Amino acid sequence: MKINPIRGAHDLFGEEINKFNKIISEVKLVASQFSFNELITPIFEYSELFKKPLGEQSDVVLKEMYTFKDRNDDEITLRPEYTTPMIRAVISNGLLNNLPAKFFGTGQMFRRERPQKGRYRQFNQINFENFGSNDLFADIEIINLANIILKKILPNNNIKLHINSLGSRENLKDYKKILSNFFNENKNSLSRESIDKINSNPLRILDSKNKEDIEVVKKSPKLIEFLSKDNLKNYEEIKKCLINLEIPIYEDSTLVRGLDYYCNTVFEFKTDEIGSQDTLIGGGRYNGLIKTLGGKDLPGVGWAGGIERIMLLMDNVVNLNQYIHFAILDPEYKTHALKAYDFLIKNNYSVYWNYKFNLKKSLSIANEKNANYVVIIGESENINDNFSVKNLKNGNQEIKNLSNLLDVIK
RNA sequence: GCGAACGUAGCUCAGUUGGUUAGAGCGCGGCCUUGUGGUGGCCGAUGUCGGGGGUUCGAAUCCCCUCGUUCGCCCCA
(Lines give C-alpha, C1' and ligand atoms only; values in the text may rest on other atoms or scores of the structure.)
Protein backbone atom coordinates (compact mmCIF):
# COMPACT_ATOMS: atom_id res chain seq x y z
CA MET A 1 0.00 0.00 0.00
CA LYS A 2 1.58 3.23 -1.12
CA ILE A 3 0.10 6.42 0.21
CA ASN A 4 1.09 9.81 -1.13
CA PRO A 5 1.04 13.07 0.78
CA ILE A 6 -2.11 15.13 0.34
CA ARG A 7 -2.08 17.35 -2.71
CA GLY A 8 -0.31 20.61 -2.04
CA ALA A 9 1.22 19.32 1.22
CA HIS A 10 4.91 18.51 1.48
CA ASP A 11 7.47 16.75 3.62
CA LEU A 12 10.42 18.86 4.66
CA PHE A 13 13.92 17.37 4.93
CA GLY A 14 17.53 17.71 3.78
CA GLU A 15 18.49 21.04 2.22
CA GLU A 16 14.94 22.28 2.54
CA ILE A 17 14.77 21.85 6.30
CA ASN A 18 18.12 23.66 6.62
CA LYS A 19 16.67 26.62 4.75
CA PHE A 20 13.49 26.48 6.79
CA ASN A 21 15.37 26.47 10.08
CA LYS A 22 17.62 29.29 8.99
CA ILE A 23 14.59 31.45 8.22
CA ILE A 24 13.02 30.68 11.60
CA SER A 25 16.21 31.48 13.51
CA GLU A 26 16.75 34.79 11.66
CA VAL A 27 13.13 35.73 12.26
CA LYS A 28 13.44 35.06 15.98
CA LEU A 29 16.64 37.06 16.20
CA VAL A 30 15.22 40.13 14.45
CA ALA A 31 11.97 39.81 16.42
CA SER A 32 13.86 40.06 19.69
CA GLN A 33 15.86 43.03 18.40
CA PHE A 34 12.59 44.82 17.70
CA SER A 35 11.05 43.61 20.99
CA PHE A 36 8.30 41.49 19.45
CA ASN A 37 7.12 38.56 21.61
CA GLU A 38 6.35 35.15 20.20
CA LEU A 39 2.73 34.05 20.18
CA ILE A 40 1.67 30.68 18.82
CA THR A 41 -2.02 29.99 18.33
CA PRO A 42 -3.88 26.74 17.62
CA ILE A 43 -3.99 25.49 14.08
CA PHE A 44 -7.80 25.49 14.07
CA GLU A 45 -10.43 27.97 15.21
CA TYR A 46 -14.17 28.42 15.06
CA SER A 47 -15.05 29.22 11.46
CA GLU A 48 -16.79 32.48 12.31
CA LEU A 49 -13.44 33.96 13.36
CA PHE A 50 -12.45 34.15 9.70
CA LYS A 51 -15.70 34.68 7.78
CA LYS A 52 -16.54 38.26 8.58
CA PRO A 53 -13.07 39.80 8.98
CA LEU A 54 -11.68 38.38 5.75
CA GLY A 55 -14.87 39.28 3.86
CA GLU A 56 -17.81 36.99 3.13
CA GLN A 57 -17.19 37.61 -0.57
CA SER A 58 -13.42 37.11 -0.47
CA ASP A 59 -12.05 34.10 -2.34
CA VAL A 60 -10.39 32.79 0.80
CA VAL A 61 -13.71 32.51 2.65
CA LEU A 62 -15.80 31.61 -0.36
CA LYS A 63 -13.82 28.65 -1.66
CA GLU A 64 -10.46 28.14 -0.01
CA MET A 65 -11.09 27.32 3.64
CA TYR A 66 -10.77 23.85 5.09
CA THR A 67 -13.93 23.78 7.18
CA PHE A 68 -15.53 20.81 8.91
CA LYS A 69 -18.00 19.96 11.64
CA ASP A 70 -16.69 18.69 14.94
CA ARG A 71 -18.59 15.82 16.63
CA ASN A 72 -20.65 18.29 18.63
CA ASP A 73 -21.53 20.19 15.45
CA ASP A 74 -19.13 23.08 16.06
CA GLU A 75 -17.97 24.48 12.76
CA ILE A 76 -14.19 24.47 12.70
CA THR A 77 -11.68 25.85 10.16
CA LEU A 78 -7.99 25.20 9.68
CA ARG A 79 -6.55 28.71 9.84
CA PRO A 80 -6.08 30.25 6.38
CA GLU A 81 -4.15 33.21 7.79
CA TYR A 82 -2.59 34.28 11.07
CA THR A 83 -3.71 37.85 11.79
CA THR A 84 -7.23 37.06 12.99
CA PRO A 85 -6.16 34.15 15.25
CA MET A 86 -3.46 36.41 16.74
CA ILE A 87 -6.03 39.07 17.52
CA ARG A 88 -8.38 36.46 18.97
CA ALA A 89 -5.52 35.26 21.18
CA VAL A 90 -4.55 38.68 22.50
CA ILE A 91 -8.19 39.38 23.33
CA SER A 92 -8.73 35.93 24.93
CA ASN A 93 -5.64 36.32 27.11
CA GLY A 94 -5.98 39.99 27.96
CA LEU A 95 -2.73 40.96 26.31
CA LEU A 96 -3.86 44.40 25.18
CA ASN A 97 -3.31 46.27 28.40
CA ASN A 98 0.18 47.52 27.67
CA LEU A 99 0.18 49.26 24.32
CA PRO A 100 1.62 48.99 21.81
CA ALA A 101 1.46 45.18 22.00
CA LYS A 102 3.91 43.58 19.59
CA PHE A 103 3.71 39.91 18.67
CA PHE A 104 5.08 37.55 16.06
CA GLY A 105 4.50 33.91 15.23
CA THR A 106 5.25 31.27 12.63
CA GLY A 107 3.27 28.24 11.62
CA GLN A 108 1.23 26.36 9.04
CA MET A 109 -1.71 27.88 7.18
CA PHE A 110 -4.21 26.03 5.01
CA ARG A 111 -5.95 27.12 1.83
CA ARG A 112 -7.60 24.83 -0.66
CA GLU A 113 -6.22 26.32 -3.86
CA ARG A 114 -4.79 24.72 -6.97
CA PRO A 115 -1.13 24.13 -6.05
CA GLN A 116 1.74 25.43 -8.11
CA LYS A 117 5.23 26.70 -7.46
CA GLY A 118 5.11 29.00 -4.42
CA ARG A 119 1.49 28.11 -3.66
CA TYR A 120 0.60 25.15 -1.50
CA ARG A 121 -2.44 23.93 0.41
CA GLN A 122 -0.44 23.66 3.60
CA PHE A 123 2.17 26.38 3.82
CA ASN A 124 4.16 28.20 6.47
CA GLN A 125 3.89 31.86 7.32
CA ILE A 126 5.82 34.33 9.39
CA ASN A 127 3.53 36.88 11.00
CA PHE A 128 4.31 40.18 12.71
CA GLU A 129 1.59 42.30 14.31
CA ASN A 130 1.68 45.58 16.20
CA PHE A 131 -1.57 46.27 18.07
CA GLY A 132 -2.77 49.55 19.54
CA SER A 133 -0.90 52.30 17.75
CA ASN A 134 -1.93 54.58 14.95
CA ASP A 135 1.44 56.30 14.93
CA LEU A 136 3.12 56.17 11.55
CA PHE A 137 6.22 55.02 13.36
CA ALA A 138 4.47 51.67 13.83
CA ASP A 139 3.96 51.39 10.04
CA ILE A 140 7.56 52.29 9.33
CA GLU A 141 8.92 49.99 12.02
CA ILE A 142 7.04 46.96 10.80
CA ILE A 143 8.02 47.53 7.17
CA ASN A 144 11.63 48.11 8.19
CA LEU A 145 11.56 44.89 10.19
CA ALA A 146 10.34 42.97 7.14
CA ASN A 147 13.05 44.53 5.02
CA ILE A 148 15.78 43.63 7.50
CA ILE A 149 14.66 40.00 7.67
CA LEU A 150 14.60 39.72 3.88
CA LYS A 151 17.98 41.40 3.51
CA LYS A 152 19.53 39.02 6.03
CA ILE A 153 18.16 35.90 4.38
CA LEU A 154 18.27 37.03 0.75
CA PRO A 155 21.09 39.59 0.51
CA ASN A 156 21.57 39.17 -3.24
CA ASN A 157 18.04 39.06 -4.57
CA ASN A 158 16.11 41.80 -6.23
CA ILE A 159 13.09 42.40 -4.01
CA LYS A 160 10.89 45.45 -4.41
CA LEU A 161 8.70 47.09 -1.83
CA HIS A 162 5.36 48.02 -3.37
CA ILE A 163 3.40 50.47 -1.29
CA ASN A 164 0.04 52.21 -1.42
CA SER A 165 -2.43 53.93 0.86
CA LEU A 166 -6.08 52.94 0.86
CA GLY A 167 -7.12 55.83 3.10
CA SER A 168 -9.20 55.57 6.22
CA ARG A 169 -12.02 53.08 6.55
CA GLU A 170 -14.58 55.91 5.84
CA ASN A 171 -12.67 57.21 2.82
CA LEU A 172 -12.42 53.70 1.49
CA LYS A 173 -16.17 53.13 1.77
CA ASP A 174 -16.88 56.26 -0.28
CA TYR A 175 -14.26 55.38 -2.85
CA LYS A 176 -15.64 51.86 -3.28
CA LYS A 177 -19.07 53.29 -4.10
CA ILE A 178 -17.65 55.65 -6.70
CA LEU A 179 -15.55 52.87 -8.15
CA SER A 180 -18.55 50.52 -8.40
CA ASN A 181 -20.47 53.21 -10.27
CA PHE A 182 -17.59 53.80 -12.66
CA PHE A 183 -17.13 50.10 -13.42
CA ASN A 184 -20.87 49.62 -13.89
CA GLU A 185 -20.78 52.33 -16.56
CA ASN A 186 -17.87 50.54 -18.26
CA LYS A 187 -19.14 47.01 -17.73
CA ASN A 188 -18.88 46.08 -21.41
CA SER A 189 -15.12 46.52 -21.47
CA LEU A 190 -14.42 44.36 -18.41
CA SER A 191 -13.55 40.67 -18.09
CA ARG A 192 -16.14 38.29 -16.67
CA GLU A 193 -14.19 37.85 -13.41
CA SER A 194 -14.10 41.59 -12.92
CA ILE A 195 -17.80 42.07 -13.67
CA ASP A 196 -18.52 39.67 -10.80
CA LYS A 197 -16.56 41.92 -8.46
CA ILE A 198 -18.14 45.26 -9.37
CA ASN A 199 -20.51 45.32 -6.42
CA SER A 200 -18.88 42.89 -4.01
CA ASN A 201 -15.25 43.96 -4.17
CA PRO A 202 -14.49 46.64 -6.81
CA LEU A 203 -11.01 47.27 -5.40
CA ARG A 204 -9.88 43.90 -6.67
CA ILE A 205 -10.53 44.98 -10.25
CA LEU A 206 -7.71 47.51 -9.87
CA ASP A 207 -5.01 44.84 -9.70
CA SER A 208 -6.41 42.63 -12.48
CA LYS A 209 -3.83 41.35 -14.97
CA ASN A 210 -6.38 41.19 -17.77
CA LYS A 211 -5.42 43.55 -20.65
CA GLU A 212 -8.91 44.98 -21.20
CA ASP A 213 -9.35 45.47 -17.48
CA ILE A 214 -6.06 47.36 -17.28
CA GLU A 215 -7.28 49.78 -19.99
CA VAL A 216 -10.48 50.49 -18.05
CA VAL A 217 -8.58 50.82 -14.77
CA LYS A 218 -6.34 53.47 -16.34
CA LYS A 219 -9.38 55.70 -16.77
CA SER A 220 -10.92 54.90 -13.37
CA PRO A 221 -11.09 57.40 -10.49
CA LYS A 222 -7.81 57.34 -8.60
CA LEU A 223 -7.76 56.35 -4.95
CA ILE A 224 -5.18 58.98 -4.06
CA GLU A 225 -7.63 61.75 -5.00
CA PHE A 226 -9.97 60.52 -2.27
CA LEU A 227 -7.44 60.51 0.57
CA SER A 228 -8.03 63.12 3.25
CA LYS A 229 -5.35 65.76 3.90
CA ASP A 230 -4.28 63.92 7.07
CA ASN A 231 -4.08 60.62 5.27
CA LEU A 232 -2.07 62.09 2.48
CA LYS A 233 0.33 63.80 4.84
CA ASN A 234 0.78 60.57 6.78
CA TYR A 235 1.42 58.58 3.61
CA GLU A 236 3.99 61.10 2.35
CA GLU A 237 5.81 61.00 5.66
CA ILE A 238 5.92 57.20 5.71
CA LYS A 239 7.40 57.16 2.22
CA LYS A 240 9.96 59.78 3.20
CA CYS A 241 11.06 57.80 6.25
CA LEU A 242 11.37 54.58 4.25
CA ILE A 243 13.57 56.34 1.71
CA ASN A 244 15.70 57.66 4.58
CA LEU A 245 16.05 54.07 5.78
CA GLU A 246 17.38 53.29 2.30
CA ILE A 247 14.45 51.03 1.47
CA PRO A 248 13.67 51.62 -2.19
CA ILE A 249 9.92 52.00 -2.61
CA TYR A 250 7.75 51.50 -5.63
CA GLU A 251 4.49 53.39 -5.38
CA ASP A 252 1.79 51.11 -6.72
CA SER A 253 -1.65 52.66 -6.97
CA THR A 254 -3.15 49.31 -8.01
CA LEU A 255 -1.98 47.54 -4.85
CA VAL A 256 -5.16 46.79 -2.88
CA ARG A 257 -4.69 43.46 -1.01
CA GLY A 258 -7.22 40.64 -1.08
CA LEU A 259 -8.51 40.61 2.46
CA ASP A 260 -11.24 43.02 3.46
CA TYR A 261 -9.78 44.24 6.72
CA TYR A 262 -7.02 46.45 5.29
CA CYS A 263 -7.05 50.26 5.22
CA ASN A 264 -4.48 53.09 5.09
CA THR A 265 -0.98 51.76 4.47
CA VAL A 266 -0.72 48.54 2.46
CA PHE A 267 2.48 47.00 1.12
CA GLU A 268 4.01 43.95 -0.52
CA PHE A 269 7.59 42.82 -0.97
CA LYS A 270 7.73 41.29 -4.45
CA THR A 271 10.29 39.51 -6.61
CA ASP A 272 10.35 38.65 -10.30
CA GLU A 273 12.54 35.59 -9.76
CA ILE A 274 10.01 32.87 -8.84
CA GLY A 275 7.17 33.12 -11.36
CA SER A 276 3.64 34.30 -10.85
CA GLN A 277 3.40 33.69 -7.08
CA ASP A 278 5.65 36.65 -6.56
CA THR A 279 4.65 38.20 -3.23
CA LEU A 280 7.10 37.26 -0.48
CA ILE A 281 5.59 39.42 2.23
CA GLY A 282 2.27 41.26 2.27
CA GLY A 283 0.56 43.35 4.87
CA GLY A 284 -0.82 46.66 5.99
CA ARG A 285 -2.91 48.49 8.51
CA TYR A 286 -6.18 47.05 9.80
CA ASN A 287 -7.80 49.68 12.03
CA GLY A 288 -11.22 48.43 13.13
CA LEU A 289 -10.43 44.74 12.92
CA ILE A 290 -9.77 44.27 16.62
CA LYS A 291 -13.16 45.79 17.40
CA THR A 292 -14.85 43.58 14.83
CA LEU A 293 -13.42 40.57 16.66
CA GLY A 294 -14.85 41.70 19.98
CA GLY A 295 -11.96 43.68 21.39
CA LYS A 296 -11.49 47.36 22.11
CA ASP A 297 -11.48 49.79 19.21
CA LEU A 298 -7.73 49.63 18.66
CA PRO A 299 -5.73 50.14 15.50
CA GLY A 300 -3.20 47.61 14.24
CA VAL A 301 -0.63 47.02 11.56
CA GLY A 302 1.16 43.85 10.48
CA TRP A 303 2.32 41.53 7.75
CA ALA A 304 2.57 37.90 6.72
CA GLY A 305 5.50 36.32 4.89
CA GLY A 306 5.51 33.07 2.92
CA ILE A 307 8.31 30.82 4.16
CA GLU A 308 8.16 28.47 1.15
CA ARG A 309 8.43 31.42 -1.24
CA ILE A 310 11.46 32.78 0.57
CA MET A 311 12.98 29.29 0.47
CA LEU A 312 12.63 29.25 -3.33
CA LEU A 313 15.07 32.15 -3.51
CA MET A 314 17.59 30.90 -0.97
CA ASP A 315 20.97 29.36 -1.70
CA ASN A 316 21.75 26.11 0.07
CA VAL A 317 22.63 26.67 3.68
CA VAL A 318 26.20 25.63 4.43
CA ASN A 319 25.93 23.24 7.32
CA LEU A 320 29.10 23.41 9.38
CA ASN A 321 28.12 20.82 11.93
CA GLN A 322 31.36 19.85 13.60
CA TYR A 323 31.40 16.26 14.74
CA ILE A 324 33.57 13.28 15.63
CA HIS A 325 33.24 10.09 13.63
CA PHE A 326 33.70 6.64 15.15
CA ALA A 327 35.43 3.77 13.36
CA ILE A 328 34.98 0.51 15.22
CA LEU A 329 36.75 -2.41 13.60
CA ASP A 330 35.04 -5.37 15.22
CA PRO A 331 31.82 -6.00 17.17
CA GLU A 332 33.95 -7.09 20.16
CA TYR A 333 35.22 -3.55 20.73
CA LYS A 334 31.79 -1.95 21.12
CA THR A 335 31.95 -1.82 24.91
CA HIS A 336 35.31 -0.09 24.83
CA ALA A 337 34.13 2.29 22.09
CA LEU A 338 31.07 3.23 24.08
CA LYS A 339 33.28 4.72 26.82
CA ALA A 340 34.65 7.36 24.47
CA TYR A 341 31.32 7.80 22.70
CA ASP A 342 29.54 8.55 25.97
CA PHE A 343 32.40 10.66 27.31
CA LEU A 344 32.33 12.93 24.24
CA ILE A 345 28.55 13.30 24.32
CA LYS A 346 28.71 14.32 27.98
CA ASN A 347 31.36 16.88 27.08
CA ASN A 348 29.00 18.41 24.49
CA TYR A 349 30.58 17.03 21.32
CA SER A 350 28.59 15.57 18.44
CA VAL A 351 29.39 12.00 17.47
CA TYR A 352 28.35 9.52 14.78
CA TRP A 353 28.94 5.86 14.03
CA ASN A 354 27.34 3.99 11.13
CA TYR A 355 27.29 0.56 12.89
CA LYS A 356 29.67 -0.95 10.36
CA PHE A 357 33.08 -2.49 11.00
CA ASN A 358 35.02 -1.34 7.98
CA LEU A 359 37.74 1.23 8.56
CA LYS A 360 38.05 2.34 4.98
CA LYS A 361 34.33 2.83 4.72
CA SER A 362 34.18 4.70 8.00
CA LEU A 363 36.92 7.10 6.93
CA SER A 364 35.26 7.61 3.60
CA ILE A 365 31.93 8.45 5.23
CA ALA A 366 33.65 10.67 7.81
CA ASN A 367 35.28 12.56 5.00
CA GLU A 368 32.05 12.92 3.09
CA LYS A 369 30.16 14.16 6.14
CA ASN A 370 32.90 16.61 6.91
CA ALA A 371 33.92 15.15 10.29
CA ASN A 372 36.77 16.91 12.11
CA TYR A 373 38.11 13.80 13.85
CA VAL A 374 37.82 10.04 13.66
CA VAL A 375 38.16 7.95 16.80
CA ILE A 376 39.52 4.55 15.73
CA ILE A 377 38.96 1.52 17.93
CA GLY A 378 40.66 -1.70 16.86
CA GLU A 379 42.41 -4.60 18.53
CA SER A 380 45.34 -2.66 20.03
CA GLU A 381 43.13 0.14 21.38
CA ASN A 382 40.85 -2.41 22.94
CA ILE A 383 43.74 -4.26 24.64
CA ASN A 384 45.56 -1.12 25.80
CA ASP A 385 42.39 0.73 26.89
CA ASN A 386 43.08 3.73 24.66
CA PHE A 387 41.81 5.39 21.46
CA SER A 388 43.43 6.48 18.23
CA VAL A 389 42.28 9.93 17.23
CA LYS A 390 42.82 11.02 13.66
CA ASN A 391 42.55 14.65 12.67
CA LEU A 392 40.91 14.55 9.23
CA LYS A 393 41.91 18.06 8.32
CA ASN A 394 45.68 17.53 8.61
CA GLY A 395 45.89 13.72 8.75
CA ASN A 396 47.68 13.59 12.13
CA GLN A 397 46.89 10.66 14.36
CA GLU A 398 47.56 10.25 18.09
CA ILE A 399 46.86 7.65 20.74
CA LYS A 400 44.99 8.94 23.79
CA ASN A 401 43.12 7.53 26.74
CA LEU A 402 39.91 8.86 28.23
CA SER A 403 41.62 11.30 30.60
CA ASN A 404 43.60 13.13 27.91
CA LEU A 405 41.27 12.56 24.95
CA LEU A 406 40.17 16.18 24.90
CA ASP A 407 43.77 17.37 24.55
CA VAL A 408 43.71 16.61 20.84
CA ILE A 409 40.07 17.43 20.14
CA LYS A 410 39.08 21.04 19.75
C1' G B 1 -12.40 26.47 -10.02
C1' C B 2 -10.56 26.99 -15.73
C1' G B 3 -6.69 25.97 -19.69
C1' A B 4 -2.02 23.43 -21.09
C1' A B 5 2.34 20.23 -20.53
C1' C B 6 4.49 16.33 -17.94
C1' G B 7 4.99 11.52 -14.64
C1' U B 8 10.45 5.48 -16.47
C1' A B 9 15.82 3.12 -10.58
C1' G B 10 17.15 7.09 -4.44
C1' C B 11 18.49 11.57 -8.14
C1' U B 12 19.03 13.52 -13.43
C1' C B 13 17.18 11.50 -17.66
C1' A B 14 17.36 7.97 -22.59
C1' G B 15 13.78 4.61 -24.52
C1' U B 16 8.97 5.67 -32.55
C1' U B 17 5.90 3.17 -37.44
C1' G B 18 3.31 -1.13 -30.29
C1' G B 19 7.57 -6.65 -30.63
C1' U B 20 11.80 -11.17 -26.50
C1' U B 21 14.29 -10.53 -20.20
C1' A B 22 13.34 -1.84 -19.79
C1' G B 23 18.63 1.37 -20.24
C1' A B 24 22.76 5.32 -19.01
C1' G B 25 25.22 8.63 -15.60
C1' C B 26 25.40 9.92 -10.51
C1' G B 27 24.49 7.71 -5.92
C1' C B 28 24.19 2.77 -3.27
C1' G B 29 26.40 -2.36 -1.91
C1' G B 30 30.58 -5.81 -2.39
C1' C B 31 35.56 -6.95 -3.76
C1' C B 32 40.75 -5.60 -5.31
C1' U B 33 43.14 -3.72 -0.05
C1' U B 34 40.82 -8.18 7.09
C1' G B 35 44.17 -0.90 10.49
C1' U B 36 43.73 4.46 7.22
C1' G B 37 39.64 9.00 3.77
C1' G B 38 39.09 12.76 0.30
C1' U B 39 41.34 10.99 -6.37
C1' G B 40 41.88 4.14 -9.10
C1' G B 41 39.95 -0.74 -10.97
C1' C B 42 36.38 -4.82 -11.20
C1' C B 43 31.57 -6.81 -10.05
C1' G B 44 26.46 -6.24 -8.41
C1' A B 45 21.28 -4.69 -7.06
C1' U B 46 18.23 -1.19 -8.61
C1' G B 47 11.94 -0.59 -11.06
C1' U B 48 4.09 -2.61 -9.70
C1' C B 49 7.68 2.44 -16.49
C1' G B 50 2.45 7.24 -10.91
C1' G B 51 -2.34 4.11 -10.16
C1' G B 52 -6.79 1.70 -12.42
C1' G B 53 -9.36 0.15 -16.71
C1' G B 54 -9.57 -0.62 -22.10
C1' U B 55 -7.73 -1.77 -27.37
C1' U B 56 -4.24 -5.71 -29.11
C1' C B 57 -1.53 -12.16 -30.21
C1' G B 58 1.56 -8.43 -27.62
C1' A B 59 1.44 -1.76 -24.22
C1' A B 60 6.54 2.28 -20.87
C1' U B 61 4.65 3.37 -26.07
C1' C B 62 -2.37 3.95 -28.35
C1' C B 63 -7.43 5.31 -25.77
C1' C B 64 -10.38 6.51 -21.17
C1' C B 65 -10.49 7.54 -15.95
C1' U B 66 -7.77 8.86 -11.66
C1' C B 67 -3.68 10.76 -8.51
C1' G B 68 0.48 13.97 -8.49
C1' U B 69 3.92 17.84 -10.37
C1' U B 70 4.87 22.15 -13.38
C1' C B 71 3.28 26.63 -16.26
C1' G B 72 -0.60 30.29 -17.17
C1' C B 73 -5.53 32.26 -15.38
C1' C B 74 -7.80 33.04 -10.76
C1' C B 75 -6.12 33.97 -5.84
C1' C B 76 -2.44 35.14 -2.35
C1' A B 77 2.12 34.15 1.47
Side-chain angles (χ1 to χ4, degrees), chain A residues 1-10 13-15 23 54-55 58-64 79-83 106-127 146 150 191-194 196-197 201 204 207-211 213 255-259 262 268-271 274-283 302-312 325 327-330 333 356-371 373-382 388-397 399:
Chain A
M1 180 167 74
K2 190 184 160 197
I3 298 177
N4 293 321
I6 288 174
R7 179 170 213 196
H10 296 277
F13 57 93
E15 281 302 336
I23 294 172
L54 305 195
S58 70
D59 279 30
V60 171
V61 171
L62 230 41
K63 48 195 181 193
E64 295 173 6
R79 62 185 180 197
E81 61 108 41
Y82 213 175
T83 301
T106 59
Q108 296 92 338
M109 307 298 145
F110 303 84
R111 288 185 203 169
R112 200 185 185 292
E113 298 178 86
R114 182 96 167 238
Q116 58 179 266
K117 186 160 70 167
R119 187 172 76 185
Y120 310 103
R121 289 184 173 182
Q122 178 182 320
F123 59 100
N124 286 276
Q125 275 192 352
I126 306 157
N127 236 256
L150 287 176
S191 68
R192 190 180 301 162
E193 289 85 11
S194 291
D196 290 341
K197 292 176 195 149
N201 203 346
R204 304 261 354 135
D207 64 356
S208 168
K209 289 179 198 166
N210 181 287
K211 273 181 192 162
D213 288 350
L255 176 63
V256 295
R257 311 284 303 141
L259 306 177
Y262 288 110
E268 289 184 3
F269 285 86
K270 284 168 163 283
T271 173
I274 53 172
S276 71
Q277 310 306 316
D278 58 358
T279 300
L280 262 23
I281 283 179
W303 55 258
I307 292 183
E308 285 81 358
R309 288 184 188 175
I310 294 171
M311 282 163 65
L312 286 172
H325 199 98
I328 302 169
L329 307 194
D330 189 279
Y333 315 142
K356 285 180 184 166
F357 306 97
N358 179 329
L359 179 59
K360 204 178 166 86
K361 198 74 202 166
S362 288
L363 283 166
S364 176
I365 290 170
N367 195 56
E368 218 170 88
K369 292 172 77 92
N370 225 355
Y373 300 93
V374 180
V375 175
I376 300 167
I377 297 115
E379 191 181 5
S380 83
E381 288 86 353
N382 189 51
S388 292
V389 182
K390 187 183 178 78
N391 181 329
L392 276 191
K393 306 297 173 203
N394 59 22
N396 294 342
Q397 188 166 325
I399 296 173

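Quantities reported herein were computed from a predicted structural model and do not represent experimental measurements.
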(request) Is it possible for you to check whether A/Arg79 lies under 6.0 Å from the centre of the six-membered ring of A/Tyr82, through NZ or CZ, and within 45° of that ring's axis? (result) yes
OP1 or OP2 of [N] versus the side-chain N and O atoms of [X]: is any pair under 4.0 Å?
X	N	result
A/Gln116	B/G72	yes
A/Arg7	B/U69	yes
A/Ser380	B/G35	no
A/Ser276	B/G72	yes
A/Lys117	B/C71	yes
A/Lys63	B/G1	no
A/Arg119	B/C74	no
A/Lys361	B/G29	yes

Could you give the [atom1]-to-[atom2] distance, from [X] to [N], as a whole number of Å?
X	N	atom1	atom2	value
A/Lys360	B/U36	NZ	C1'	8 Å
A/Ile365	B/U36	CD1	P	16 Å
A/Lys356	B/C31	NZ	P	11 Å
A/Arg121	B/U69	CZ	P	8 Å
A/Leu54	B/A77	CG	C1'	14 Å

So how far is it from [X] [atom1] to [Y] [atom2], rounded to the nearest 0.5 Å?
X	Y	atom1	atom2	value
A/Ile281	A/Lys270	CD1	NZ	13.0 Å
A/Tyr333	A/Glu379	OH	CD	4.5 Å
A/Lys211	A/Asp213	NZ	CG	12.5 Å
A/His325	A/Asn370	NE2	CG	12.5 Å
A/Gln122	A/Arg7	CD	CZ	15.5 Å

(request) Could you please name the option among B/G35, B/G37, B/U69 that lies closest to any side-chain atom of A/Lys390? (result) B/G37
(message) The side chain of A/Asn367 is closest to which nucleotide in this list: B/G37, B/U36, B/A77?
(response) B/G37
Applying a 3.5 Å limit to both distances, which nucleotide forms a Watson-Crick or G-U wobble pair with [N]?
N	value
B/A9	none
B/U61	none
B/G1	B/C73
B/C28	B/G44

Is [X] touching bases, backbone alone, or none of the nucleic acid, heavy atoms closer than 4.0 Å?
X	result
A/Ile310	nothing
A/Glu81	nothing
A/Arg204	sugar-phosphate
A/Gln122	nothing
A/Arg192	nothing
A/Gly378	base
A/Tyr120	base
A/Ile376	base
A/Glu64	sugar-phosphate
A/Gly8	sugar-phosphate
A/Ala366	nothing
A/Gln277	base

(message) Any carboxylate oxygen within less than 4.0 angstrom of a Lys/Arg side-chain nitrogen, looking at A/Arg192 and A/Asp196?
(response) no
Pairs: protein N or O with nucleotides 3-6 of chain B N or O, under 3.5 Å:
| residue | atom | partner | partner atom | Å |
| --- | --- | --- | --- | --- |
| B/G3 | O6 | A/Arg114 | NH2 | 3.4 |

(request) State, to 0.1 Å, how close A/Pro115 and A/Gly8 come at their nearest heavy-atom pair, and which atoms those are. (result) CG-CA, 3.9 Å
(request) Answer yes if the side chains of A/Gln116 and A/Gln277 hold a donor-acceptor pair under 3.5 Å, and no otherwise. (result) yes
(request) Could you pick out which residue, A/Leu280 or A/Ser388, lies toward the 5' side of RNA chain B when each is mapped onto its nearest nucleotide? (result) A/Ser388
(message) For A/Glu193 and A/Pro115, find the nucleotide of RNA chain B closest to each by heavy atoms; which residue's nucleotide sits nearer the 5' end?
(response) A/Pro115
(request) Could you give the distance separating B/G53 and B/U16 at their P atoms, to the nearest angstrom? (result) 25 Å
(message) Go through it in stages, so that I can follow the logic: the residues are A/Ile310 and A/Ile126, the test is side-chain contact (heavy atoms from CB on, under 4.5 Å), and I'd like the CA-CA distance, side-chain angles, deciding distance and then a yes or no.
(response) CA-CA 11 Å; A/Ile310 294 171; A/Ile126 306 157; 4.2 Å; yes
